[in-house]
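This report concerns only the one structure given below.
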Amino acid sequence: MAIINFGGINEQVVTREEFPLEKAREFLSNETIAVIGYGVQGPGQSLNLRDNGFNVIVGQRKGGKTWDKAVADGWVPGKTLFEIEEAARRGTVIQYLLSDAAQIEVWQRIKPFLTAGKVLYFSHGFGITYKERTGIIPPSDVDVILVAPKGSGTSLRRMFLEGRGLNSSFAVFQNATGKARERTIALGIGVGSGYLFETDFKREVYSDLTGERGTLMGAIQGLLLAQYEVLRENGHSPSEAFNETVEELTQSLMPLFAENGMDWMYANCSTTAQRGALDWMTPFHDATKPVFEKLYREVANGNEAQRSIDSNSKADYREGLEKELKALRESEMWQTGAAVRKLRPENN
């Protein structure tokens with residue numbers, strides 16, 4: 001493993017240079033990788049593995065939209081696309097990529113096919129970390145591992161097609177065969193990771209749930225909406241409010257931020273912007289840190305997981321979720337966003 005200095009702290013990471021794709025293919029040459037689920041992570045990971053030359057099959061409930069999507073993506077019923085139980089029976093590596101709620105629901109159907117020496121693979125630590133709540137307790141004679149790309153399956157696939165990689169964490173929960181670590185790294189390279197950094201199942205799910213509810217999704221939507229509302233309440237037009245709140249952030253500043261860091265992004269802004277950002281950074285930090293501390297406590301004590309399990313298991317959950325997403329989609333800010341995106345030069 002390579003030693004990389006992150007902000008003055010050394011960490012061990014695995015790069016594609018030290019564990020190349022050819023080595024990963026050779027290590028997994030006798031494995032059949034069964035990707036269970038074709039929703040968020042399933043398409044990106046399975047297609048990347050297939051394009052990278054691994055032996056991959058997909059398990060999905062027949063007759064649904066995702067079955068049809070798998071067929072459209074080139075998976076062949078009876079050859080590389082099967083019902084969930086049949087794919088699990090055939091696979092030596094079972095990539096359990098259903099949603100957290102679906103993992104709980106399907107677990108008893110999968111468990112009989114976890115025979116000695118197989119691999120049970122996750123991309124989220126939820127089911128194992130909260131196993132007392134989820135009931136997902138693997139047999140002792142299988143490897144239990146994790147590769148968690150730090151982004152959506154859509155991003156994983158898009159970056160793969162662009163010749164790039166999405167960084168992933170990896171972990172071994174159970175090493176029954178003595179080969180779990182190597183299998184994990186090989187699979188991480190196979191799905192298209194940029195580099196791999198080590199964690200454990202608990203730390204992965206704690207950081208992931210905090211991030212999703214925080215800066216990745218929940219907090220960013222809350223911050224954007226608050227600023228947009230203040231601008232609109234003070235007489236600014238929807239277009240002006242959206243461009244100053246979202247468009248400039250995502251289309252101009254974030255690419256600079258991603259390229260070379262926050263200091264470089266600051267250096268490429270006006271001195272007025274720099275001064276204001278530096279002055280207001282601390283009040284925003286002080287206002288939001290208690291919220292993040294509360295969020296982390298709720299994740300660590302299991303309350304956030306239980307809320308997710310309870311809500312996702314309701315019979316009308318999908319209908320309720322669609323109503324909430326519809327309200328978000330039809331809000332003034334995001335209706336303005338739809339109009340602004342149509343006006344971008346690449347769309348004209």
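In what follows, residues are counted from 1 in the order of the sequence shown.
Here the side chain of Asp316 pairs no donor or acceptor atom with the backbone of Glu319 at under 3.5 angstrom. Side chain of Asn301 to main chain of Arg297: a donor-acceptor pair is present (N/O by atom type, distance under 3.5 Å, no hydrogens or angles). Between the side chain of Glu248 and the backbone N or O of Leu253 there is no donor-acceptor pair closer than 3.5 Å. Remark: side-chain polar atoms of Ser311 are paired, donor with acceptor, to backbone N or O of Ser308 under 3.5 angstrom. In this structure a side-chain-to-backbone donor-acceptor pair under 3.5 Å is missing from Asn10 to Ile3. Judged by distance alone, with hydrogens and angles left aside, the side-chain atoms of Ser193 form no donor-acceptor pair with the main-chain N or O of Ile189 at under 3.5 Å. Arg203 places no side-chain N or O within 3.5 Å of a backbone atom of Ser207 that could act as its donor or acceptor partner. For Lys118 (side chain) and Ala88 (main-chain N/O), a donor-acceptor pair under 3.5 Å exists by modelled atom type.
Between Thr115 and Pro139 there is no side-chain heavy-atom pair separated by less than 4.5 Å.
Note: the hydrophobic cluster containing Val93 also contains Leu196 (ILVMFWY, side chain heavy atoms under 4.5 Å, direct or indirect links). Note on Leu97 and Phe54: same hydrophobic cluster, where clusters join Ile, Leu, Val, Met, Phe, Trp and Tyr whose side-chain heavy atoms are under 4.5 Å apart, directly or indirectly. Criterion: ILVMFWY side-chain heavy atoms under 4.5 Å apart, direct or through other members. Under it, Ile220 and Met254 are part of a common hydrophobic cluster. Val205 and Phe170 are assigned to two separate hydrophobic clusters, defined by single-linkage of ILVMFWY side chains at heavy-atom distances under 4.5 Å. No continuous path of hydrophobic side-chain contacts links Phe82 to Leu49 [ILVMFWY only; heavy atoms under 4.5 Å].
Seen from the ring of Phe19, Lys23 counts as a face-on cation partner, given the 6.0 Å and 45° thresholds.
Separation of atoms OG (Ser152) and CG (Leu166) is listed at 8.0 Å; rounding is to 0.5 Å. Remark: Glu259 CD to Asn268 CG distance equals 8.5 Å, nearest 0.5 Å. With rounding to the nearest 0.5 angstrom, the CZ atom of Phe197 is 5.0 Å from the NZ atom of Lys150. Distance CZ/Phe173 to CG/Leu146: 11.5 Å, rounded to 0.5 Å. The distance from atom CZ of Arg164 to atom CG of Leu156, rounded to the nearest 0.5 Å, is 11.5 Å. Atom CG in Asn312 sits 12.5 Å away from atom CZ in Arg307 (nearest 0.5 Å).
When all heavy atoms are compared, the tightest approach of Ser168 to Val147 is CB-CG1, 4.0 Å. Taking each heavy atom of Ala300 and Tyr206 in turn, the nearest pair found is O-OH, 3.1 Å. Here the closest heavy-atom approach between residue Gln174 and residue Ala180 is recorded as O-CB, 4.0 Å. Contact between Ala176 and Ser140 at its shortest, heavy atoms only, is CB-O, 3.7 Å. Residues Leu328 and Gln221 approach most closely at CD1-NE2, 3.2 Å, considering heavy atoms. Residues Pro138 and Val142 come closest through the heavy atom pair CB-CG2, 4.4 Å.
Between Tyr228 and Glu332, the side chains place a donor N or O and an acceptor N or O closer than 3.5 Å (distance only, hydrogens not considered). A donor atom on one side chain and an acceptor atom on the other are found under 3.5 Å apart for Gln60 and Thr66. Gln45 and Ser123 share a donor-acceptor pair across their side chains, judged by distance under 3.5 Å alone. Arg181 and Asn175 are not linked by any side-chain donor-acceptor pair at a separation below 3.5 angstrom, with hydrogens and angles left out of the test. In this structure, a donor-acceptor pair under 3.5 Å is absent between the side chains of Ser169 and Thr199.
Crowding of Arg158 atom CZ: a count of heavy atoms from other residues, nucleotides or ligands under 6.0 Å not exceeding 12. Counting non-hydrogen atoms of other residues, nucleotides and ligands closer than 6.0 Å to CG of Leu278 gives a total above 12. The environment of CG in Asp286 is crowded: more than 12 heavy-atom neighbours from other residues, nucleotides or ligands sit within 6.0 Å. Glu26 CD: 12 or fewer foreign heavy atoms inside a 6.0 Å radius. Environment of NZ in Lys69: crowded, with over 12 heavy atoms of neighbouring residues, nucleotides or ligands closer than 6.0 Å.
Looking at Asp68 and Lys65, no side-chain N of the basic residue comes within less than 4.0 Å of a carboxylate O on the acidic one, giving no salt bridge. Comment: Lys294 does not engage Glu298 in a salt bridge, judged by the lack of any side-chain N to carboxylate O separation of less than 4.0 angstrom. Under a 4.0 Å N-O distance rule, the pair Lys179/Glu182 does not qualify as a salt bridge. Ion pairing between a basic and an acidic side chain is recognised when a charged N comes within 4.0 Å of a carboxylate O; Glu304 and Arg213 show such pairing. Using a 4.0 Å cut-off between a side-chain N of Lys or Arg and a carboxylate O of Asp or Glu, Glu322 and Lys326 do not qualify as a salt bridge. Under the 4.0 Å criterion applied to side-chain N and carboxylate O atoms, Lys62 and Glu83 are not assigned as salt-bridge partners.
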* Asked: Step by step, would you call Leu231 with Glu240 a side chain to side chain contact (heavy atoms under 4.5 Å, CB included)?
  -> CA-CA 8 Å; Leu231 290 173; Glu240 184 169 52; over 6 Å; no
* **Verdict with supporting geometry, Arg275 and Asp279, salt bridge (Lys or Arg N to Asp or Glu O under 4.0 Å)** => CA-CA 6 Å; Arg275 183 69 268 144; Asp279 288 347; 2.8 Å; yes
* Should Tyr96 and Leu114 be marked as a side chain to side chain contact (heavy atoms under 4.5 Å, CB included) after you check the CA-CA gap, both sets of side-chain angles, and the distance that decides it? -> CA-CA 11 Å; Tyr96 206 34; Leu114 288 170; over 6 Å; no
* Output, in order, the C-alpha distance, side-chain angles, deciding distance and verdict of salt bridge (Lys or Arg N to Asp or Glu O under 4.0 Å) for Arg344 and Glu247. => CA-CA 10 Å; Arg344 289 176 186 165; Glu247 193 75 352; 2.8 Å; yes
* Asked: Can you list the steps and then say if Val144 with Phe201 is a side chain to side chain contact (heavy atoms under 4.5 Å, CB included)?
  -> CA-CA 10 Å; Val144 182; Phe201 274 62; 4.1 Å; yes
* Apply the test side chain to side chain donor-acceptor pair (under 3.5 Å) to residues Arg157 and Asn48: give CA-CA distance (whole Å), side-chain angles for both, the deciding distance (0.1 Å), then the verdict. => CA-CA 7 Å; Arg157 181 62 175 167; Asn48 290 359; 2.9 Å; yes
* To do: Decide side chain to side chain contact (heavy atoms under 4.5 Å, CB included) for Ile136 and Ile128; before the verdict, give the C-alpha distance in whole Å, the side-chain angles of both, and the deciding distance to 0.1 Å.
  => CA-CA 6 Å; Ile136 297 176; Ile128 293 294; 4.2 Å; yes
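Taking the six-membered ring where the residue is Trp, the centroids of Phe126 and Tyr130 are separated by under 6.0 Å.
For the ring-ring contact (aromatic ring centres under 6.0 Å, His included) test, residues two or more places apart in sequence or in another chain that qualify with Trp334 are Phe242.
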Run the side-chain donor-acceptor check on residues 31-38: report pairs under 3.5 Å with partners two or more places apart or on a different chain.
{"from": "Glu31", "atom 1": "OE1", "to": "Thr92", "atom 2": "OG1", "distance (Å)": "2.5"}
{"from": "Glu31", "atom 1": "OE2", "to": "Arg183", "atom 2": "NE", "distance (Å)": "3.1"}
{"from": "Glu31", "atom 1": "OE2", "to": "Arg183", "atom 2": "NH2", "distance (Å)": "2.9"}
{"from": "Thr32", "atom 1": "OG1", "to": "Asn55", "atom 2": "ND2", "distance (Å)": "3.0"}
{"from": "Tyr38", "atom 1": "OH", "to": "Asp73", "atom 2": "OD2", "distance (Å)": "2.7"}
{"from": "Tyr38", "atom 1": "OH", "to": "Trp75", "atom 2": "NE1", "distance (Å)": "3.0"}

